[in-house]
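Owing to the predicted nature of the structure, the values given are computational and were not obtained by experimental measurement. Nothing fancy with the numbering, it's 1 onward along the sequence.
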Amino acid sequence: MPKTKIIATLGPATDSTLILKKMISSGLDVVRLNFSHGTPQEQLRRIKLIRSLNKNIKIMQDLEGYRIRIGKLKKEILLHKNSYLYLTQEEIIESEEEAPFDYKGPLKLIKVGTLICVDDGKILLKVIAGEKNRLKTKVLAGGILKERKGINILDINLPFDALTDKDKIDLNFGIKHNVDYVAQSFVRNARDILLIKTIIKNKRANYKVFAKIENKEALRNIDEIVRESDGIIVARGD
């Protein structure tokens with residue numbers, strides 16, 4: 001029996017019995033539910049649909065984690081290489097050279113020279129100056145900037161809890177509906193994994209915990225993370 005498995009992310013494009021039947025007949029082993037998007041009602045419909053079609057298909061719940069994102073834009077911004085972009089903590093922007101982002105912590109932690117990946121690394125920025133509530137960045141790799149795209153600030157250990165309030169609610173949802181695996185985003189060390197395993201154990205649930213490796217802190221602590229995890233997922237973009 002082959003040990004390699006095929007995992008597919010479910011979303012609006014797969015919300016039909018016909019499409020899922022074709023995916024299953026093509027060799028689907030595991031479905032991934034991305035809790036960064038969609039409502040609990042949408043995710044529950046997907047759980048019920050996949051189980052009605054094939055109870056042998058495993059279900060992986062992927063928690064959003066502490067994800068910094070681009071805020072609301074008036075319109076998409078075309079970023080050219082060597083142009084400049086201000087990332088601001090203000091919600092209202094005045095020009096196409098500005099984009100809001102939802103990091104609320106102190107910007108002084110983000111030093112000049114820091115690299116920032118946006119949209120799974122499609123856009124790369126370099127911090128060249130910091131102000132009270134915004135960062136001036138230079139575009140090293142351009143592209144179309146869209147709202148709600150994820151931001152990864154490299155080589156900076158920002159203070160945040162292993163599980164957000166949303167993650168805790170979503171985790172309880174997964175426990176209630178008996179998912180098979182949970183993937184924890186932005187894992188930094190073994191403590192992050194042990195926290196989620198403790199919650200699962202206290203709820204008398206029994207499923208496997210995967211660590212998503214998405215930053216350099218996780219790479220530095222990879223040995224201890226591997227020891228405590230049931231599996232590892234490498235974020236291809238970040």
Side-chain angles (χ1 to χ4, degrees), residues 1-65 67 69 117-123 143-144 146-150 152 163-164 166-187 192-193 196-197 199-201 203-214 218 222 225-226 228-238:
M1 179 181 294
K3 293 184 177 180
T4 300
K5 304 298 182 185
I6 298 175
I7 303 175
T9 301
L10 299 191
T14 60
D15 283 344
S16 80
T17 300
L18 179 61
I19 294 295
L20 273 175
K21 280 183 175 180
K22 289 182 178 180
M23 293 168 68
I24 293 169
S25 65
S26 298
L28 178 65
D29 298 295
V30 181
V31 297
R32 169 181 171 263
L33 303 179
N34 185 357
F35 277 74
S36 295
H37 307 285
T39 65
Q41 292 76 19
E42 290 171 332
Q43 304 293 20
L44 182 56
R45 283 199 300 272
R46 291 168 186 143
I47 290 173
K48 289 181 176 179
L49 179 57
I50 196 68
R51 285 179 173 157
S52 71
L53 297 175
N54 190 324
K55 289 184 170 59
N56 293 320
I57 302 296
K58 303 297 184 182
I59 297 174
M60 173 182 286
Q61 175 187 30
D62 191 342
L63 300 178
E64 180 177 23
R67 182 56 138 171
R69 293 184 181 276
C117 292
V118 184
D119 194 4
D120 289 333
K122 296 182 180 70
I123 295 170
I144 298 176
K146 302 176 182 179
E147 61 186 34
R148 296 298 299 157
K149 292 300 181 180
N152 190 11
L163 287 176
T164 66
K166 180 181 184 301
D167 288 339
K168 294 173 184 176
I169 293 170
D170 290 340
L171 180 58
N172 284 323
F173 173 91
I175 291 171
K176 179 179 178 181
H177 297 289
N178 299 309
V179 300
D180 300 286
Y181 312 125
V182 59
Q184 187 177 8
S185 297
F186 301 102
V187 170
D192 291 350
I193 293 295
I196 198 168
K197 290 175 78 172
I199 294 173
I200 292 170
K201 183 178 179 180
K203 296 283 186 177
R204 297 184 179 179
N206 182 28
Y207 53 80
K208 298 183 183 300
V209 179
F210 285 68
K212 294 178 69 179
I213 307 302
E214 306 182 70
I222 193 66
I225 292 172
V226 168
E228 297 298 338
S229 305
D230 297 299
I232 296 293
I233 298 173
V234 179
R236 67 191 186 281
D238 297 333

> Please list all pairs meeting ring-ring contact (aromatic ring centres under 6.0 Å, His included) that have one or both residues in residues 6-27, counting only residues at least two apart or in different chains.
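Listed by first then second residue: nothing to list.
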
> Could you give all pairs that pass the side chain to side chain donor-acceptor pair (under 3.5 Å) test and reach residues 11-22, with sequence neighbours left out?
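Found D15-R46.
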
> Partners of Y207 by ring-ring contact (aromatic ring centres under 6.0 Å, His included), sequence neighbours excluded?
none

> Got L171 and Q61 here, is their nearest side-chain heavy-atom distance under 4.5 Å?
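Of all side-chain heavy-atom pairs linking Q61 with L171, at least one is under 4.5 Å.
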
> Which residues pass the salt bridge (Lys or Arg N to Asp or Glu O under 4.0 Å) test with K166, not counting sequence neighbours?
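Scan of K166 (salt bridge (Lys or Arg N to Asp or Glu O under 4.0 Å), adjacent residues dropped) gives E64, D170.
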
> Mind checking side-chain hydrogen bond (donor to acceptor under 3.5 Å, both in side chains) for D62 and listing every partner two or more places apart, or none if nothing turns up?
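So D62 forms a side-chain hydrogen bond (donor to acceptor under 3.5 Å, both in side chains) with R32, S185, K212.
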
> What residues form a side chain to side chain contact (heavy atoms under 4.5 Å, CB included) with I222, not counting sequence neighbours?
I213, V226

> State, with a plain yes or no, whether a side-chain heavy atom of N152 is found less than 4.5 Å away from one of R67.
yes

> Is K168 close to I196 at the side-chain level, that is, under 4.5 Å between some pair of heavy atoms?
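Of all side-chain heavy-atom pairs linking K168 with I196, none is under 4.5 Å.
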
> What pairs with K58 under salt bridge (Lys or Arg N to Asp or Glu O under 4.0 Å), at least two apart in sequence or on another chain?
none

> H177: what forms a ring-ring contact (aromatic ring centres under 6.0 Å, His included) with it, not counting sequence neighbours?
F173

> Would you say that L20 contacts L10 through its side chain, given a criterion of any heavy-atom pair below 4.5 Å between the two side chains?
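Heavy-atom side-chain distance check passes, below 4.5 Å.
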
> Heavy-atom distance under 4.5 Å between the side chains of V30 and I59, does that happen here?
no

> With heavy-atom distances below 4.5 Å as the criterion, would you say the side chains of R51 and L53 are in contact?
no

> Restricting to side chain to side chain contact (heavy atoms under 4.5 Å, CB included), what partner residues turn up for T39, sequence neighbours left out?
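If we apply the side chain to side chain contact (heavy atoms under 4.5 Å, CB included) test to T39, skipping adjacent residues, the hits are Q41, E42.
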
> Give a yes or no on whether K197 atom NZ has more than 12 heavy-atom contacts from other residues, nucleotides or ligands under 6.0 Å away.
yes

> Does the Q184 side chain pair with the main chain of A211, one donor and one acceptor, at a distance under 3.5 Å?
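A pair under 3.5 Å: no.
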
> Check whether D180 reaches the backbone of M60 with its side chain - one donor and one acceptor, N or O, closer than 3.5 Å.
no

> Looking at residues at least two apart in the chain, or sitting in another chain, which of them share a side chain to side chain contact (heavy atoms under 4.5 Å, CB included) with N54?
I24, N56, I57

